[in-house]
Amino acid sequence: MMWMSVQKYQFLREKMVKEQILKRGIENEVILDVFEKIPRHRFVRPSDQHLAYNDYPLPIGEEQTISQPYIVAQMVDALALQPEDTVLEIGTGSGYQTAILAEIVGKVYTIERIKGLQDQAKEVLDSLGYRNIEYFHKDGKEGLIEQAPFDKVIVSAASKSIPKELLDQLKDGGKMVIPTGGDFLQKLLLLEKNHHKYKEKILGYCRFVRLI
Ligand code: SAH
């Protein structure tokens with residue numbers, strides 16, 4: 001296992017922000033600042049920590065992955081997050097994206113289907129001091145009817161179609177990002193809800209693990 005100092009990780013984070021995020025067109029200072037702050041290496045396996053700031057996803061166990069940094073940046077940028085927002089996240093996974101959200105918005109509800117991953121993510125997020133996150137172990141496709149409606153919904157696993165419950169639980173004027181499509185290539189969609197109508201924009205193409 002390769003061990004690196006706090007300064008080295010800080011250096012790698014700054015490089016990641018410049019080369020992977022800023023250079024690809026994301027200029028929102030709030031987003032750039034949080035990516036520079038959050039210790040992504042804490043969300044991967046010890047043997048992968050030296051790879052945590054590279055430009056690709058990494059395995060986190062249970063056949064799941066922590067998303068590539070740029071994909072997380074692209075998704076949160078598209079949501080136009082506001083400090084007073086309440087956000088629903090489907091697929092806690094490593095908890096990295098949960099931390100990004102919790103830094104920017106007031107309240108994050110996160111759902112994960114695999115208990116072991118959720119427990120691990122919660123432990124890291126607790127140790128980093130996040131207190132505005134609520135964790136749910138269940139099928140995210142159902143959303144959270146009791147906590148709805150949400151300003152923003154972010155889905156980190158791909159499905160063939162968009163779960164209706166999630167659309168229903170979005171506030172009027174709210175936004176959702178979700179990858180949809182087959183196993184190998186998916187469209188990353190941004191949906192905006194207005195008076196029960198949805199405006200759809202394709203942000204790009206991506207490859208996520210499947211919503212199970
Ligand atoms: N943003 C996370 C992505 C993790 S991968 C990160 O960067 O770490 C996607 C996650 O979605 C996996 O942990 C998987 O277990 C979870 N998942 C898949 N289907 C789900 C469902 N129906 N409900 C909740 N979580 C689900």
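Ligands are counted one by one from 1 in listed order, and the atoms in each one are counted from 1 as well. Each residue takes its place number in the sequence, starting with 1.
Of all the atoms in ligand 1, the ones that sit under 4.0 Å from a non-hydrogen atom of Gln97 are 1 (N). Here is the list of ligand 1 atoms found below 4.0 Å of a heavy atom in Leu117: 13 (O). The atoms of ligand 1 that sit less than 4.0 Å from any heavy atom of Lys138 are 23 (N), 24 (C). Distances below 4.0 Å separate heavy atoms of Ile114 from the following atoms of ligand 1: 15 (O). Numbered from 1 in the order shown, with element, the atoms of ligand 1 that lie under 4.0 Å from a heavy atom of Thr92 read 2 (C), 8 (O). Proximity to Lys141 (heavy-atom distance under 4.0 Å) selects the following atoms of ligand 1: 22 (N).
Not a single heavy atom of Glu62 lies less than 4.0 angstrom from ligand 1. Assignment of Val72 to the shell around ligand 1 is not supported, since no heavy atom sits closer than 4.0 Å.
Between the side chains of Gln169 and Glu165, no donor N or O sits under 3.5 Å from an acceptor N or O. Side-chain atoms of Thr92 and Glu112 form no donor-acceptor pair, as typed in the model, at a separation below 3.5 Å. Using modelled atom types and a 3.5 Å distance limit, the side chains of Arg40 and Ser94 yield no donor-acceptor pair. Inspection of the Gln97 and Ser156 side chains reveals an N or O donor paired with an N or O acceptor under 3.5 Å. Defined by atom type and a distance below 3.5 Å, a donor-acceptor pair is present between the side-chain atoms of Thr98 and Glu89.
If you check each of Lys115, Gln68, Glu112, Arg113 against atom 16 (C) of ligand 1, the one with the closest non-hydrogen atom is Glu112. Between Ser159, Ser156, Gly93, it is Ser156 that holds the heavy atom closest to atom 9 (C) of ligand 1. The residue from Thr65, Ile66, Val209 that puts a heavy atom closest to atom 3 (C) of ligand 1 is Thr65.
Of the heavy atoms in Thr98, none comes closer than 4.0 Å to ligand 1.
Between Lys138 and Glu142 a salt bridge is recorded (basic side-chain N to carboxylate O distance below 4.0 Å). Ion pairing between Lys37 and Asp33 fails under the 4.0 Å rule for side-chain N and carboxylate O.
Nearest protein neighbour of atom 12 (C) of ligand 1, counting heavy atoms only, is Gln64 OE1, 3.3 Å. The protein heavy-atom contact nearest to atom 23 (N) of ligand 1 is Gly140 N, 2.8 Å. When hydrogens are left out, the protein atom nearest atom 20 (C) of ligand 1 is Leu211 CD1, 3.7 Å; that is the closest non-hydrogen contact. With hydrogens left out, the protein atom closest to atom 8 (O) of ligand 1 is Ser94 OG, 2.6 Å, a heavy atom. Of the protein's non-hydrogen atoms, Gly91 CA, 3.2 Å is the one closest to atom 11 (O) of ligand 1. In terms of protein heavy atoms, atom 18 (C) of ligand 1 is closest to Ile212 CG1, 3.5 Å.
Between Leu185 and Tyr205, the shortest heavy-atom contact is CD1-CB, 4.0 Å.
Checked against Glu192 for a salt bridge (Lys or Arg N to Asp or Glu O under 4.0 Å), the options Lys175, Lys152, Lys171 give a single hit: Lys175.
Between the CZ atom of Arg45 and the CD1 atom of Ile66 there is a distance of 11.5 Å, given to the nearest 0.5 Å. One distance of note links SG of Cys206 with CD1 of Ile71; it measures 5.5 Å at 0.5 Å rounding.
Some N or O of Ser67 is nearer than 3.5 Å to an N or O of ligand 1, by distance alone. Polar contact with ligand 1: present for Asp139 (N/O pair, distance under 3.5 Å). Between Ile60 and ligand 1, not a single N/O pair is under 3.5 Å apart.
Under a 3.5 Å cut-off, the side chain of Asp151 and the backbone N or O of Thr86 do form a donor-acceptor pair.
Remark: Asp139 engages Arg113, Lys141 in a salt bridge (charged side-chain N to carboxylate O under 4.0 Å, His left out) (not counting sequence neighbours).
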